[in-house]
Amino acid sequence: MSKQKQEFTVIAGQNIPRHIAIIMDGNGRWAKKRFLPRFAGHAKGVKAVGKVAKACVDRGVEYLTLFAFSSENWRRPPDEVSLLMKLFRKVLVGEVKNMCANNIRLKVIGDIGRFDEDLQKLIHDTEEKTAANTRLTLTICANYGGRWDIVNACNALLRSGVQPGEITEEILSEHLSMSYAPPPDMLIRTGGEARISNFLLWQMAYSEFFFTDTYWPDFDTDSLDEAILSYQKRERRFGRTSEQLVKEGLAAGQ
Ligand code: IPE
Ligand code: IPE
Ligand code: MG
């Protein structure tokens with residue numbers, strides 16, 4: 001049965017999440033279902049990234065953060081890891097023009113010191129080339145782990161000479177690798193699993209979660225709109241009651 005488009009039409013301009021984070025999962029299973037090597041799923045997944053980034057630009061999303069390679073993904077077979085690195089290089093080189101055409105600023109966060117030096121340089125160069133773009137900040141999380149991020153922030157604080165009792169939530173947040181962005185309003189995970197897999201642990205304290213069985217390579221503009229529509233129907237209470245939100249003018253759309 002064909003998808004009823006109307007069902008997924010987002011409420012334009014109203015309560016669009018400022019920051020969407022995505023765990024792009026299911027590339028391997030997408031390929032397996034088609035009797036293709038896992039890598040074919042990763043390659044197709046890159047195409048979905050381009051489409052979703054453009055759709056976010058069109059919808060006025062300001063930050064899109066994508067989990068591309070986790071601290072734990074080094075445990076994969078070495079040939080899959082090296083193919084993923086090759087693909088990452090290819091995307092950085094090939095997409096810089098498109099990013100600039102769409103006014104997209106690229107950021108890469110994670111422990112990139114573990115990557116080959118030429119890849120590290122390519123990451124920095126691409127970040128620099130897109131640094132002045134203002135419409136959407138696209139963050140790629142590469143060799144990223146939420147625990148690594150928190151430990152990294154603690155070490156940075158200690159190096160700065162912070163004393164016991166001086167650390168606050170605000171100060172710690174400022175030392176996390178995505179301190180330039182507000183916390184994600186919504187987390188989308190494709191591929192049917194309902195877990196965080198060591199993604200943005202600190203930053204997701206109040207994110208709205210949206211899990212879908214769709215494999216990442218099949219995730220398209222309609223899938224994004226379905227997620228945004230679900231987000232728009234939710235009431236974010238941040239500990240308050242519904243009645244308080246209405247009274248204090250904090251309810252969505254107020
Ligand atoms: C996500 O897809 C991409 C990465 C982790 C790099 P997977 O490769 O995890 O796909 P599945 O979960 O095996 O289907
Ligand atoms: C999470 O996917 C990491 C990325 C999408 C990059 P995985 O497929 O590696 O997650 P687990 O190991 O199944 O939880
Ligand atoms: Mg997976």
Side-chain angles (χ1 to χ4, degrees), residues 19-53 56 63-92 94-95 106-116 119-120 122-123 137-152 176-178 181 184 186-204 207-220 223-224 227:
H19 185 171
I20 297 178
I22 307 182
I23 300 178
M24 309 181 291
D25 199 15
N27 292 353
R29 281 163 286 162
W30 180 92
K32 195 172 176 189
K33 217 173 93 183
R34 289 163 177 77
F35 306 102
L36 294 168
R38 292 181 58 82
F39 185 69
H42 296 313
K44 181 82 177 163
V46 169
K47 296 214 162 76
V49 169
K51 283 186 210 153
V52 169
C56 283
Y63 298 89
L64 174 65
T65 300
L66 303 175
F67 206 6
F69 192 87
S70 74
S71 314
E72 290 73 28
N73 286 145
W74 295 107
R75 295 176 186 151
R76 296 211 174 181
D79 56 337
E80 180 168 347
V81 171
S82 94
L83 281 168
L84 282 167
M85 296 299 152
K86 259 195 198 156
L87 193 60
F88 191 21
R89 276 193 183 85
K90 200 174 145 199
V91 170
L92 289 170
E95 289 302 315
L106 180 79
K107 293 279 219 180
V108 177
I109 62 165
D111 190 5
I112 65 162
R114 193 160 163 199
F115 294 151
D116 289 349
L119 179 53
Q120 291 184 44
L122 190 55
I123 288 169
T137 297
L138 171 64
T139 301
I140 302 291
C141 303
N143 194 19
Y144 179 86
R147 290 178 176 174
W148 165 83
D149 204 357
I150 295 167
V151 168
N152 200 43
L176 292 171
S177 51
M178 218 176 22
M186 175 167 61
L187 166 74
I188 299 172
R189 181 169 187 146
T190 61
E193 314 294 352
R195 54 179 175 253
I196 300 187
S197 301
N198 196 17
F199 196 22
L200 302 156
L201 300 178
W202 176 281
Q203 298 89 336
M204 280 185 185
S207 304
E208 297 293 333
F209 286 17
F210 182 87
F211 297 107
T212 171
D213 288 339
T214 303
Y215 294 142
W216 175 249
D218 288 329
F219 194 86
D220 60 11
S223 321
L224 180 73

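Counting starts at 1 for both ligands and their atoms, in listed order.
- Inclusion of R29 in the set of residues having an N or O under 3.5 Å from an N or O of ligand 1 is warranted.
- Put simply, the side chain of Y63 does not reach to within 4.5 Å of the side chain of L138, judged on heavy atoms.
- Between the side chains of Y144 and D149, at least one donor N or O lies within less than 3.5 Å of an accepting N or O.
- In summary, D116 and R89 engage in a salt bridge, as defined by a charged side-chain N under 4.0 Å from a carboxylate O.
- Contacts between K32 and ligand 1, counted as non-hydrogen atom pairs separated by less than 4.0 Å, are absent for every part of the residue.
- Of the polar atoms of R38, at least one N or O is found under 3.5 Å from an N or O of ligand 1, judged by distance alone.
- Among protein heavy atoms, atom 10 (O) of ligand 1 sits closest to G28 N, 2.9 Å.
- Ligand 2 places these atoms under 4.0 Å from at least one heavy atom of R195: 11 (P), 13 (O), 14 (O).
- With a heavy-atom cut-off of 4.0 Å, R189 touches ligand 2 through its side chain alone.
- Judged by distance alone, with hydrogens and angles left aside, the side-chain atoms of W216 form a donor-acceptor pair with the main-chain N or O of G45 at under 3.5 Å.
- The closest approach between any non-hydrogen atom of G191 and ligand 1 is not below 4.0 Å.
- Geometrically, R114 engages W74 in a cation-pi contact defined by less than 6.0 Å to the ring centre and at most 45° from the axis.
- Contacts with ligand 2 closer than 4.0 Å are made by no heavy atom of C141, backbone or side chain.
- Taking a cut-off of under 4.0 Å to the non-hydrogen atoms of R76, the atoms of ligand 2 that pass are 7 (P), 8 (O), 9 (O).
- Of the protein's non-hydrogen atoms, N27 N, 3.2 Å is the one closest to atom 2 (O) of ligand 1.
- Within ligand 1, counting atoms from 1 as listed, the ones closer than 4.0 Å to a heavy atom of A68 are 6 (C).
- Closest of all the heavy-atom pairs between C141 and F67 is CB-CD1, 3.9 Å.
- Among all protein heavy atoms, the one lying closest to atom 7 (P) of ligand 1 is D25 OD1, 3.5 Å.
- The single protein non-hydrogen atom nearest to atom 1 (C) of ligand 1 is M24 O, 2.9 Å, given as residue, atom name and distance.
- A salt bridge does not link E72 to R147: none of the charged nitrogens lies less than 4.0 Å from a carboxylate oxygen.
- Within D25, OD1 is the N, O or S atom that lies nearest to the Mg ion (ligand 3).
- A side-chain N or O of H42 and one of E80 form a donor-acceptor pair less than 3.5 Å apart.
- There is a side-chain donor-acceptor pair under 3.5 Å between S223 and D220.
- Of the protein's heavy atoms, N73 ND2, 2.9 Å lies nearest to atom 9 (O) of ligand 2.
- Contacts between E193 and ligand 2 below 4.0 angstrom, taking non-hydrogen atoms only, are absent altogether.
- Not a single heavy atom of A31 lies less than 4.0 angstrom from ligand 1.
- When non-hydrogen atoms are compared, ligand 2 lies under 4.0 Å from the backbone of F69 (N, CA, C, O) but not from its side chain.
- With a heavy-atom cut-off of 4.0 Å, S70 does not touch ligand 1 at all.
- Using a distance-only test at 3.5 Å, with no hydrogens or angles considered, no donor-acceptor pair links the side chain of T139 to the main chain of T65.
- Ion pairing of D25 with R189 is present here, as a side-chain N (NZ or NE/NH1/NH2) and a carboxylate O approach within less than 4.0 Å.
- Between F199 and S70, every side-chain heavy-atom pair lies at or beyond the 4.5 Å cut-off.
- Atom 14 (O) of ligand 2 is flagged as protein-proximal [any protein heavy atom, distance under 4.0 Å].
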